[in-house]
Undergrad: 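Below: one structure in structure tokens.
Note that these values count all heavy atoms, side chains included, but never hydrogens, waters or copies made by symmetry. Model, not experiment: these values are computed from the prediction.
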Amino acid sequence: MATTPPTRSPELRKDPVTNQWVIFSPARAKRPSDFKSKSPENPNNNSSSCPFCIGNEHQCAPEIFRVPPDPNWKLRVIENLYPALSRKLDHPNGQNDDSSSELSGLGWVVAGFGFHDVVIETPVHSVQLSDLDPSEIGDVLIAYKRRIEQIKQFDSIKYIQVFKNHGASAGASMSHSHSQMLSLPIVPPSVSTRLNSMKEHFNRTGKCSLCQVQSKDLLINETSRFFSIAPYASSFPFEIWIIPRDHSSHFDELDNKKAVDLGGLLKLIVKKMALQLNNPPFNFMIHTSPIQVTDSELPYSHWFLQIIPQLTGVGGFELGSGCYINPVFPDDAAKILRELNVPI
């Protein structure tokens, strides 16, 4: 007669990078290997009315650049048709007045200047990011870098967030594979918190908190330049981080060889996630340094790519406390994904 494996006791863990506390409570869920998406993403293959498809470029907002620069493009970077911020508020040469003003004790206000761009990752509607080969995914990553380098010329931009929403329940309004870039006139509080937490770890140990992450129990897959882990204090089940081996503070330090290497690992991880978790909607975010980071902050600031499959909801406790409850220990998630064989 089969016996049920013992349930691990709950734990609270604090992440040295995000500075967030996470409650691990495996008794609240089924076995880690039984986790599957309840709403798998089924891409809409109707491309006739999709403005992101090749041939429908006239339906889109203005183009910033395309690769290659001819009609048979492989990817395009365009303005978002419904931007969160306005690029038209800027003064000549990017020198807009970004000073904050206090409104009668109600809070601070900054003019809503910024850039909101869309990266169309493929001209073909039915092709997803994980269908591309590593060099093609590398081209997408280099497009992020190229656009970051363009935006850095604007002194008023303080931080650039690159992100991808895959699936409607992950926030994607278009099923055609794409990602976004939102360039802000502020440094978001979560970024400041991350830097302060990494600084605290560096001051205590003399080492970068991400350079120290070498636990075999948390490792999923690795290459010569990058490694993927389930982070020690994962906020979400099967959360994954992809981290550069060499210390690097800014994502836009990525070169072509590293982009292809990262593209191959990202492809593998997304395919593993789709196979194990029933093709879940997911988000990925690139966590990099603020544009105007100081030299003293560079030794402990280390960029990474975070992937979050949408498997559980966020409730009142999480919203109220800022503390997440995760039913899957990261070493269990890492073991399942590490041992999963996926043909590439």
Side-chain angles (χ1 to χ4, degrees), residues 15 17-18 37 40-41 43 75 77 80 116-122 127-132 134 136-145 147-148 159-183 188 190-191 194 210 220-221 223 226-231 234-244 248 250-252 254 258-277 279-289 302-312 314 324 330 333-334 337 342:
D15 192 286
V17 176
T18 65
S37 173
E41 174 59 17
L75 67 86
V77 179
N80 194 309
H116 192 173
D117 304 323
V118 176
V119 180
I120 305 172
E121 300 157 351
T122 168
V127 174
Q128 297 299 313
L129 184 69
S130 59
D131 297 323
L132 302 177
E136 291 172 326
I137 299 176
D139 289 339
V140 174
L141 299 170
I142 291 298
Y144 299 157
K145 170 183 175 174
R147 184 60 181 143
I148 289 171
Y159 189 77
I160 303 174
Q161 182 64 65
V162 179
F163 63 98
K164 178 178 176 65
N165 302 330
H166 174 79
S169 60
S173 58
M174 302 284 291
S175 59
H176 192 121
S177 190
H178 70 284
S179 40
Q180 300 182 61
M181 304 178 67
L182 193 52
S183 305
S190 63
V191 177
R194 168 165 52 88
L210 286 180
I220 302 172
N221 289 96
T223 70
F226 295 89
F227 60 96
S228 60
I229 63 165
S234 313
S235 295
F236 303 93
F238 289 89
E239 177 182 342
I240 300 161
W241 292 4
I242 301 180
I243 304 169
S248 176
H250 293 280
F251 170 79
D252 57 303
L254 192 75
K258 290 179 180 178
V260 175
D261 197 54
L262 176 56
L265 184 55
L266 180 58
K267 176 184 177 76
L268 174 62
I269 291 299
V270 172
K271 279 190 169 293
K272 282 193 170 191
M273 193 170 62
L275 181 61
Q276 177 62 40
L277 305 176
N279 194 24
F282 68 85
N283 306 95
F284 82 54
M285 294 72 65
I286 294 175
H287 299 287
T288 187
S289 297
H302 193 140
W303 75 266
F304 64 99
L305 190 153
Q306 178 188 31
I307 307 171
I308 299 177
Q310 295 295 328
L311 299 170
T312 57
V314 174
Y324 291 85
L337 293 174
V342 175

Undergrad: Starting at OG of Ser130, measure out to CG of Leu275 and round the result to the nearest 0.5 Å.
TA: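 Those atoms lie 11.5 Å apart.
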Undergrad: Considering all heavy atoms of both residues, which atom of Glu239 and which atom of Ser235 are nearest to each other, and what is their separation?
TA: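 Smallest interatomic distance, heavy atoms only, reads OE1-N, 2.8 Å.
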Undergrad: On a heavy-atom basis, which atom in His302 and which in Pro244 lie closest, and how many Å separate them?
TA: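 For His302 and Pro244, the tightest heavy-atom pair comes out as NE2-O, 3.0 Å.
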Undergrad: Considering residues at least two apart in sequence or located in another chain, which fulfil the side chain to side chain donor-acceptor pair (under 3.5 Å) criterion with Asn165?
TA: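 By the side chain to side chain donor-acceptor pair (under 3.5 Å) rule, Asn165 matches Asn283.
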Undergrad: Is any side-chain heavy atom of Val162 closer than 4.5 Å to a side-chain heavy atom of Val119?
TA: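 They are not in contact (no side-chain heavy atoms under 4.5 Å apart), so the answer is no.
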Undergrad: List for me each residue that meets ring-ring contact (aromatic ring centres under 6.0 Å, His included) alongside His116, sequence neighbours excluded, and say none if there are none.
TA: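 His116 satisfies ring-ring contact (aromatic ring centres under 6.0 Å, His included) with no other residue.
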Undergrad: If the condition is side chain to side chain donor-acceptor pair (under 3.5 Å), which residues does Arg194 pass it with, not counting sequence neighbours?
TA: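 Expected list: Tyr159.
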Undergrad: What pairs of residues pass the salt bridge (Lys or Arg N to Asp or Glu O under 4.0 Å) test when at least one of them lies in residues 280-289, not counting sequence neighbours?
TA: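 Counting only pairs at least two positions apart or across chains, no salt bridge (Lys or Arg N to Asp or Glu O under 4.0 Å) contact touches residues 280-289.
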Undergrad: Taking ring-ring contact (aromatic ring centres under 6.0 Å, His included) as the definition, give me every residue that meets it alongside Phe251, ordered by chain and number, with sequence neighbours left out.
TA: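 Counting only residues at least two positions away or on another chain, Phe251 forms a ring-ring contact (aromatic ring centres under 6.0 Å, His included) with Trp303.
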Undergrad: Restricting to non-hydrogen atoms, name the atom on Pro280 and the atom on Met273 that form the minimum distance, rounded to 0.1 Å.
TA: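 Minimum heavy-atom contact is CD-O, 3.6 Å.
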Undergrad: Who pairs with Glu136 by side chain to side chain donor-acceptor pair (under 3.5 Å), at least two apart in sequence or on another chain?
TA: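 Expected list: none.
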Undergrad: List in chain and number order the residues that pass salt bridge (charged side-chain N to carboxylate O under 4.0 Å, His left out) with Asp15, two or more places apart in sequence or in another chain; answer none if no residue qualifies.
TA: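 With sequence neighbours excluded, Asp15 shows a salt bridge (charged side-chain N to carboxylate O under 4.0 Å, His left out) to no residue whatsoever.
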Undergrad: Of all heavy-atom pairs between Leu141 and Ala259, which one has the smallest distance, and what is that distance?
TA: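 Scanning both residues, the minimum pair turns out to be CD1-O, 3.5 Å.
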Undergrad: Can you check side-chain contact (heavy atoms from CB on, under 4.5 Å) on Leu210 and Trp241, steps first, answer last?
TA: CA-CA 10 Å; Leu210 286 180; Trp241 292 4; 3.9 Å; yes
Undergrad: Quick one: list whatever passes ring-ring contact (aromatic ring centres under 6.0 Å, His included) with His178, sequence neighbours left out.
TA: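 His178 satisfies ring-ring contact (aromatic ring centres under 6.0 Å, His included) with Phe52 once adjacent residues are dropped.
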Undergrad: Indicate yes or no for a side-chain donor-acceptor contact from Gln161 to the backbone of Ile286 under 3.5 Å, with no hydrogens or angles considered.
TA: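 Yes: the side chain of Gln161 pairs with the backbone of Ile286.
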Undergrad: Side-chain contact, heavy-atom cut-off 4.5 Å: Phe282 with Ile240?
TA: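 Contact flag for Phe282/Ile240 side chains = no.
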Undergrad: What distance separates Asp131 CG from Lys267 NZ, expressed to the nearest 0.5 Å?
TA: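 Taking CG in Asp131 and NZ in Lys267, the distance rounds to 6.5 Å.
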Undergrad: Among all residues two or more places apart in sequence or in another chain, which pass the side-chain contact (heavy atoms from CB on, under 4.5 Å) test with Ser190?
TA: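 Partners of Ser190 by the side-chain contact (heavy atoms from CB on, under 4.5 Å) criterion, ordered by chain and then number, come out as Pro188.
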Undergrad: Quick one: CG on Leu337 to CG on Leu277, what's the gap to the nearest 0.5 Å?
TA: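 So the gap between those two atoms works out to 6.5 Å.
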Undergrad: If you take all heavy atoms of Pro309 and Pro237, which pair is closest and at what distance?
TA: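 Shortest heavy-atom separation between Pro309 and Pro237 comes out as CG-O, 3.6 Å.
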Undergrad: Under 4.5 Å between any side-chain heavy atoms of Ser228 and Leu265, yes or no?
TA: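 Yes, at least one pair of side-chain atoms sits under 4.5 Å.
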Undergrad: Can you list the residues that meet the side-chain contact (heavy atoms from CB on, under 4.5 Å) rule with Asp139, with sequence neighbours excluded?
TA: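 With sequence neighbours excluded, Asp139 shows a side-chain contact (heavy atoms from CB on, under 4.5 Å) to Leu75, given in chain and number order.
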Undergrad: Can you name the one residue among Ile308, Ile307, Val270 that meets side chain to side chain contact (heavy atoms under 4.5 Å, CB included) with Phe284?
TA: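 Exactly one candidate clears the test, Ile307.
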Undergrad: Nearest 0.5 Å please: distance from the OG atom of Ser179 over to the CG atom of Asp117.
TA: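 One finds 10.5 Å between OG of Ser179 and CG of Asp117.
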Undergrad: Looking at side-chain heavy atoms only, is the closest gap between Tyr144 and Ile160 below 4.5 Å?
TA: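 A side-chain contact is absent here, since even the closest heavy-atom pair is not under 4.5 Å.
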Undergrad: Could you pull out the closest heavy-atom pair between Gly167 and Pro281, with the gap in Å?
TA: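 What the structure gives for the nearest pair is CA-CB, 4.3 Å.
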Undergrad: Side chain to side chain donor-acceptor pair (under 3.5 Å) with Lys272: which residues, sequence neighbours excluded?
TA: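 Here the qualifying residues are Asn221.
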Undergrad: Rounded at 0.5 Å granularity, tell me how far CD1 in Ile220 sits from CD1 in Ile229.
TA: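 The distance works out to 8.0 Å.
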Undergrad: Starting at CG of Asp252, measure out to NZ of Lys145 and round the result to the nearest 0.5 Å.
TA: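 The NZ atom of Lys145 is 7.0 Å from CG of Asp252, to the nearest 0.5 Å.
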Undergrad: Any non-hydrogen side-chain atom of Phe226 less than 4.5 Å from a side-chain atom of Lys258?
TA: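 Of all side-chain heavy-atom pairs linking Lys258 with Phe226, at least one is under 4.5 Å.
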Undergrad: Mind checking salt bridge (charged side-chain N to carboxylate O under 4.0 Å, His left out) for Glu121 and listing every partner two or more places apart, or none if nothing turns up?
TA: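 Salt bridge (charged side-chain N to carboxylate O under 4.0 Å, His left out) check on Glu121 returns Lys164.
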